[in-house]
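Structure, as structure tokens:
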Amino acid sequence: MVTEENFDLTELRKRIRHSAAHVMADVVTQMFPEAKLAIGPPTQDGFYYDFMVSKPFSEQDLAKIEKRMKKVIQRNHTFEYQEYDRDEALKLNSDEPLKLEIINEIPSNEKITTYKHGTFEDLCAGPHVKSTGEIPAFKLLNVAGAYWRGDETQPMLQRIYGTAFESRDALEEHLVRLEEARRRDHRILGKELDLFSIHQETGPGLIIWHPKGAKIRGLVEEFWKNEHENAGYELVYTPHIGKSTLWETSGHLEFYAENMYAAMNMDGQDYYLKPMNCPFHITYYKTSLRSYRDLPMRIGELGTVYRYERGGVVQGLLRVRGLTQDDAHIFCRPDQVESEINGVLDLTFHLLSSFGFKEYEIMLATKPEKSVGSDDKWQLATDSLRRTLDSRNTEYSVDEGGGAFYGPKIDVHIKDALGRKWQITTVQFDFNLPDRFGLTYVGEDSAVHQPYMIHRALLGAMERFMGILIEHYGGAFPTWIAPVQVKVIPIAERHNSYGQQVTSLLVNSGIRADLDDRNERMNFKIRDSQIQKVPYMLVVGDKEVETSTLAVRSRSAEDIGVLTTEEFKSRVLAEINSRI
RNA sequence: GCCAACGUAGCUCAGAGGCAGAGCAGCUGUUUCGUAAACAGCAGGCCGUGGGUUCGAUUCCCACCGUUGGCUCCA
């Protein structure tokens with residue numbers, strides 16, 4: 001362990017990982033002399049090194065590399081720092097075309113430095129641990145193709161991922177966390193809990209919601225609708241396809257065509273599946289002459305859109321081709337922008353915290369180089385976003401130039417139960433569409449003005465949000481959205497009718513209760529309900545029938561004890577109402 | 001799209017150039033049971049799709065489709 005200097009843990013890990021990457025590159029170049037080096041940085045959870053090789057590495061190669069790395073670590077070579085002038089550096093790396101490329105991009109006023117351990121010297125800004133012996137625990141994880149500089153026009157390199165920690169225990173803990181993440185994978189839980197499926201026959205990225213998954217989604221949507229109506233939104237339904245002229249006006253055919261499904265031609269007219277809802281909401285706006293008194297108008301819809309995503313990126317519920325956005329468009333006057341943004345943020349945090357997401361990361365993205373809309377519009381919009389965020393005393397970071405070409409935006413990332421970050425909420429100004437569609441309202445001055453348009457999705461897309469929710473809760477949904485809230489478990493057949501009475505009573509009070517009257521032992525039924533992560537199990541046998549009670553068990557394996565049906569009912573209803 | 005691995009029963013997975021296998025789930029019985037799997041029997045298959053090699057291919061080769069892990073982290 002490094003002790004002389006009091007490194008902060010993240011810094012220490014960075015050094016360990018970066019050093020492990022060097023050791024790996026050392027071993028790889030020994031084993032595969034023709035391998036050319038690219039880069040090998042530490043990452044958030046580990047490290048990688050990219051190599052240019054003619055033949056990809058195999059799993060067996062990884063095991064061998066790992067073995068030899070251990071030997072290098074044992075030999076405890078010192079990491080030696082070295083400075084070079086440009087010519088020396090070029091000469092030193094004459095055999096490494098990718099390194100040469102990097103050296104040539106280093107500004108002339110910067111030093112060119114290397115780190116050397118044993119016979120392996122690598123162009124590197126450092127820093128490293130003192131010697132290879134100070135890499136206490138590491139593991140190689142997987143191989144993957146990666147483009148040189150992440151650019152698909154560049155050659156594909158082979159990347160080896162690994163991770164390293166300051167102690168065996170910390171490494172072990174990390175591997176357990178990876179395993180936990182795998183166990184919570186929404187695709188696995190989706191199957192186990194019978195929530196949804198995806199089929200080769202129906203098409204990749206297209207979800208079939210099974211009754212239980214549909215139940216959860218329906219409850220989330222119902223909650224979403226209620227909260228939106230409470231927040232002054234009006235909800236609409238719009239079609240799934242639209243004529244080509246609509247998408248010409250909106251600019252989608254010009255700018256978004258590669259994500260759109262091909263046209264369907266009927267009656268000599270081209271129709272397209274909608275990739276976005278905005279043109280329809282705008283069309284609604286235009287159905288009437290709008291006065292300044294009508295604004296703000298908040299038009300919302302759980303709108304299902306279809307987008308072509310490249311084969312390699314489609315994944316479970318997280319990246320799909322048919323998705324339902326929790327979409328809304330706000331049309332407002334310039335003087336209303338701030339309060340509207342505030343309202344959107346209030347609603348966002350209310351919704352997200354209802355699902356147990358309490359940690360947020362907020363990004364304000366400003367005007368990019370290529371953009372539409374006048375400078376003063378950008379100014380006003382960006383300022384109002386900034387002012388709104390400032391006035392809320394929320395922390396946020398600014399992504400300069402990261403806005404959409406049609407307006408600035410605020411993005412919200414959430415942290416789930418495993419501490420993983422997900423980008424979900426987006427609030428975007430749009431200077432483009434009001435122009436293209438010629439949106440207007442009549443002002444107090446009886447002159448015609450153009451409204452501001454804000455596009456926002458709070459949960460993002462229902463499919464993706466459900467995927468995140470499944471992993472966040474690990475499939476153990478809180479009672480208010482659990483597809484089955486209560487399982488009634490009679491011990492023997494003679495208890496079925498009492499079980500049925502209890503079930504009906506609960507169902508009649510709006511509780512999703514189910515009777516398990518299968519010809520199975522109680523233990524089997526309990527196990528089944530545990531696996532299905534049903535919040536409550538009610539065991540009924542001779543004692544309960546006799547005293548008109550229930551033996552209540554929760555899925556967290558707590559024995560809650562014996563309650564009357566009424567007691568249990570009010571307890572569960574209270575829990576449902578408080579959404580816990 | 002690109003790199004790699006994978007695709008066998010509803011699910012999880014084993015197998016091998018020569019008759020296709022297990023566990024769970026399903027069905028039929030038996031059992032009536034007190035907090036995480038009762039017992040027995042039965043049924044279940046175009047071995048992803050198409051082509052090639054071979055006397056013979058689910059197995060070997062090629063293509064396609066699909067799934068999984070990657071493709072921002074700048075020496």
Side-chain angles (χ1 to χ4, degrees), chain A residues 14 17-18 21-22 25 37-50 53 55-59 61-62 84 89 93 96 98-106 110-115 121-126 141-161 182 185 187-188 191-192 194 197-205 258 308-316 489-496 517 519-532 537-544 551-555 557-560:
Chain A
K14 233 183 188 169
R17 288 165 183 173
H18 197 169
H22 274 225
L37 299 172
I39 57 167
T43 62
Q44 205 190 335
D45 292 315
F47 63 88
Y48 66 81
Y49 212 113
D50 286 346
V53 280
K55 202 175 125 245
F57 301 111
S58 67
E59 292 292 321
D61 292 336
L62 274 201
Y84 289 96
N93 285 282
E96 296 287 354
L98 302 176
K99 292 291 186 193
L100 292 178
E101 209 176 299
I102 294 165
I103 293 170
N104 284 323
E105 281 169 23
I106 297 176
E110 270 178 45
K111 278 186 255 176
I112 296 176
T113 62
T114 68
Y115 274 83
E121 183 165 13
D122 193 10
L123 183 70
C124 178
L141 296 173
N142 53 323
V143 210
Y147 294 105
W148 172 232
R149 316 214 129 158
D151 179 346
E152 55 186 277
T153 63
Q154 298 272 9
M156 172 142 304
L157 309 173
Q158 291 302 314
R159 173 173 296 182
I160 302 179
Y161 279 97
R182 226 177 50 80
D185 188 313
R187 292 163 300 189
I188 294 172
K191 243 178 227 170
E192 281 176 10
D194 199 15
S197 58
I198 307 171
H199 305 265
Q200 195 168 334
E201 295 77 12
T202 49
E258 59 179 60
Y308 175 77
E309 297 281 357
R310 299 156 113 202
V313 303
V314 171
Q315 198 230 7
I489 300 177
I491 291 178
E493 218 173 299
R494 64 177 178 280
H495 310 123
N496 282 357
D517 57 0
N519 177 18
E520 294 290 352
R521 292 173 65 226
M522 177 202 62
N523 279 328
F524 179 90
K525 296 179 188 177
I526 287 177
R527 180 180 147 82
D528 200 48
S529 289
Q530 286 289 151
I531 290 171
Q532 290 299 308
M537 286 151 265
L538 305 178
V539 176
V540 295
D542 288 338
K543 276 187 270 175
E544 288 72 24
V552 183
R553 176 190 162 111
S554 88
R555 69 183 157 200
E558 297 163 56
D559 187 1
I560 290 178

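In what follows, every chain begins at residue 1, and chains take the letters A, B, ... in the order their sequences are listed.
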- Residue Pro56(A), side-chain heavy atoms: nucleotide from A36(B), C3(B), C33(B) that is nearest: C3(B)
- For Lys525(A) and Pro490(A), indicate whether the former's side chain and the latter's backbone hold a donor-acceptor pair under 3.5 Å. yes
- Message: Could you tell me how far apart Glu192(A) (CD) and G10(B) (C1') are, to the nearest whole angstrom?
- Response: 15 Å
- Item | Heavy-atom neighbours of Glu110(A) CD exceed 12 at 6.0 Å | yes
- For Gln315(A), which contact category applies under a 4.0 Å heavy-atom criterion: base, sugar-phosphate, or nothing? sugar-phosphate
- Message: Does Ala551(A) reach a base, just sugar-phosphate, or nothing at all? Heavy atoms under 4.0 Å.
- Response: base
- Message: What's the gap between G70(B) and C64(B) when it is taken at their P atoms, as a whole Å value?
- Response: 24 Å
- Message: Keeping Asp528(A) on the side-chain end and Phe524(A) on the backbone end, is there a donor-acceptor pair under 3.5 Å?
- Response: no
- Item | Pairing partner of G26(B) (Watson-Crick or G-U wobble, both distances under 3.5 Å) | C42(B)
- Between G34(B), A36(B), U12(B), which nucleotide gets closest to the side-chain atoms of Gln530(A)? A36(B)
- Task: With P as the reference atom in both, quote the distance from U68(B) to C74(B) in angstrom, rounded to an integer.
- Result: 28 Å
- Query: Is there a Watson-Crick or G-U wobble partner for U68(B) with both distances under 3.5 Å, and which nucleotide is it?
  - Reply: A4(B)
- Message: If you only use heavy atoms from C-beta on, which nucleotide in U12(B), C71(B), A4(B) is closest to the side chain of Tyr147(A)?
- Response: C71(B)
- Judged by whether its glycosidic angle lies within 90° of 0, C71(B) is anti
- What is the distance from CZ of Phe524(A) to P of C33(B), rounded to the nearest Å? 18 Å
- Task: For Lys111(A) and Tyr84(A), indicate whether the former's side chain and the latter's backbone hold a donor-acceptor pair under 3.5 Å.
- Result: no
- Across the strands shown, which category fits Glu105(A) at heavy-atom distances under 4.0 angstrom: base, sugar-phosphate, nothing? nothing
- Complementary nucleotide of A20(B), counting Watson-Crick and G-U pairs under 3.5 Å: none
- Item | Out of U35(B), G1(B), G69(B), whichever nucleotide has its closest atom nearest the side chain of Asn523(A) | U35(B)
- Considering just the side-chain nitrogens and oxygens of Arg187(A), establish if one lies under 4.0 Å of OP1 or OP2 belonging to G69(B). yes
- Item | Between U68(B) (P) and Ile188(A) (CD1): distance, integer Å | 11 Å
- Query: Taking N and O atoms by type only, does the side chain of Glu201(A) place a donor or acceptor under 3.5 Å from a partner on the base of G48(B)?
  - Reply: no
- Message: In this structure, how many angstroms lie between the P atom of C73(B) and the CZ atom of Arg159(A), rounded?
- Response: 6 Å
- When we call it a touch if two heavy atoms are under 4.0 Å apart, what does Glu309(A) touch: a base, just sugar-phosphate, or nothing? nothing
- Query: Rounded to whole angstroms, how far apart are NE2 on His18(A) and P on C74(B)?
  - Reply: 10 Å
- Item | N or O in side chain of Arg494(A) less than 4.0 angstrom from C33(B) OP1/OP2 | yes
- Ala144(A) near the nucleic acid: base, sugar-phosphate alone, or nothing, with a heavy-atom cut-off under 4.0 Å? base
- Task: Classify the nucleic acid contact of Asp542(A) as base, sugar-phosphate or nothing, counting any heavy atom under 4.0 Å across all strands shown.
- Result: base
- Taking CD1 from Ile531(A) and P from A37(B), how many angstroms apart are they, rounded to a whole number? 9 Å
- Message: Checking base pairs now: Watson-Crick or wobble, both atom distances under 3.5 Å. What partners A9(B)?
- Response: none
- Query: With a non-hydrogen cut-off below 4.0 angstrom, is Lys14(A) in contact with a base, only sugar-phosphate, or nothing?
  - Reply: nothing
- Separation of Glu493(A) atom CD from U30(B) atom C1', in whole Å? 13 Å
- Rounded P spacing from A16(B) to U59(B) in Å: 14 Å
- Can you tell me if NZ on Lys14(A) sees more than 12 non-hydrogen neighbours from other groups inside 6.0 Å? no
- Item | Exam field: side chain Glu105(A) to backbone Ile102(A), donor-acceptor pair closer than 3.5 Å | no
- Item | Rounded distance in Å between the C1' positions of C60(B) and G66(B) | 22 Å
- Backbone N/O of Arg555(A) and side chain of Gln530(A): donor-acceptor pair under 3.5 Å: yes
- Item | Side chain of Gln200(A) - closest among A36(B), G34(B), G7(B) | G7(B)
- Message: Between Tyr49(A) and Asp122(A), do the side chains contain a donor N or O and an acceptor N or O under 3.5 Å apart?
- Response: yes
- Item | Short side-chain N/O contact to G34(B) OP1/OP2 from Lys525(A), under 4.0 Å | no
- Check every atom of C71(B), A37(B), C74(B) against the side chain of Arg521(A) and return the nucleotide holding the closest atom. A37(B)
- Select from Glu110(A) and Ile198(A) the residue whose nearest nucleotide in RNA chain B is closer to the 5' end of that strand. Ile198(A)
- Query: Tyr161(A) has a side chain; which of C71(B), C73(B), C3(B) sits nearest to it?
  - Reply: C71(B)
- When you get a sec, tell me which of G70(B), A38(B), C74(B) is the closest nucleotide to the side chain of Ile39(A)? C74(B)
- Query: If you check the Glu152(A) side chain, which of C3(B), U35(B), G1(B) turns out closest?
  - Reply: G1(B)
- Query: Is the side chain of Gln315(A) donor-acceptor paired with the backbone N or O of Gly205(A) at a distance under 3.5 Å, no angle test?
  - Reply: no
- Query: Between G50(B) and U58(B), how far is it from one P atom to the other, in whole Å?
  - Reply: 11 Å
- Query: Does G34(B) have a Watson-Crick or wobble mate here (both distances under 3.5 Å), and if so which one?
  - Reply: none
- Item | Listed nucleotide nearest any side-chain atom of Met156(A), set G66(B), C71(B), C33(B) | C71(B)
- Closest to the 5' end of RNA chain B, once Val539(A) and Tyr49(A) are matched to their nearest nucleotides, is Val539(A)
- Rounded distance in Å between the P positions of A43(B) and U67(B): 35 Å
- Query: Say you pick atom P in G7(B) and the same atom in G44(B); how far apart are they, in whole Å?
  - Reply: 25 Å
- Message: How many whole angstroms separate atom CD1 of Ile489(A) from atom C1' of A36(B)?
- Response: 10 Å
- Please examine the side chains of Ile489(A) and Ser529(A), heavy atoms only from C-beta on, and report whether any two atoms are closer than 4.5 Å. yes
- Watson-Crick or G-U wobble partner for C60(B), using a 3.5 Å limit on both distances? G52(B)
- Across the strands shown, which category fits Gly541(A) at heavy-atom distances under 4.0 angstrom: base, sugar-phosphate, nothing? base
- Message: Within the 4.0 Å heavy-atom criterion, would you say Ile106(A) contacts the bases, only the backbone, or no part of the nucleic acid?
- Response: base
- Item | Whole-Å P distance, A36(B) and C42(B) | 32 Å
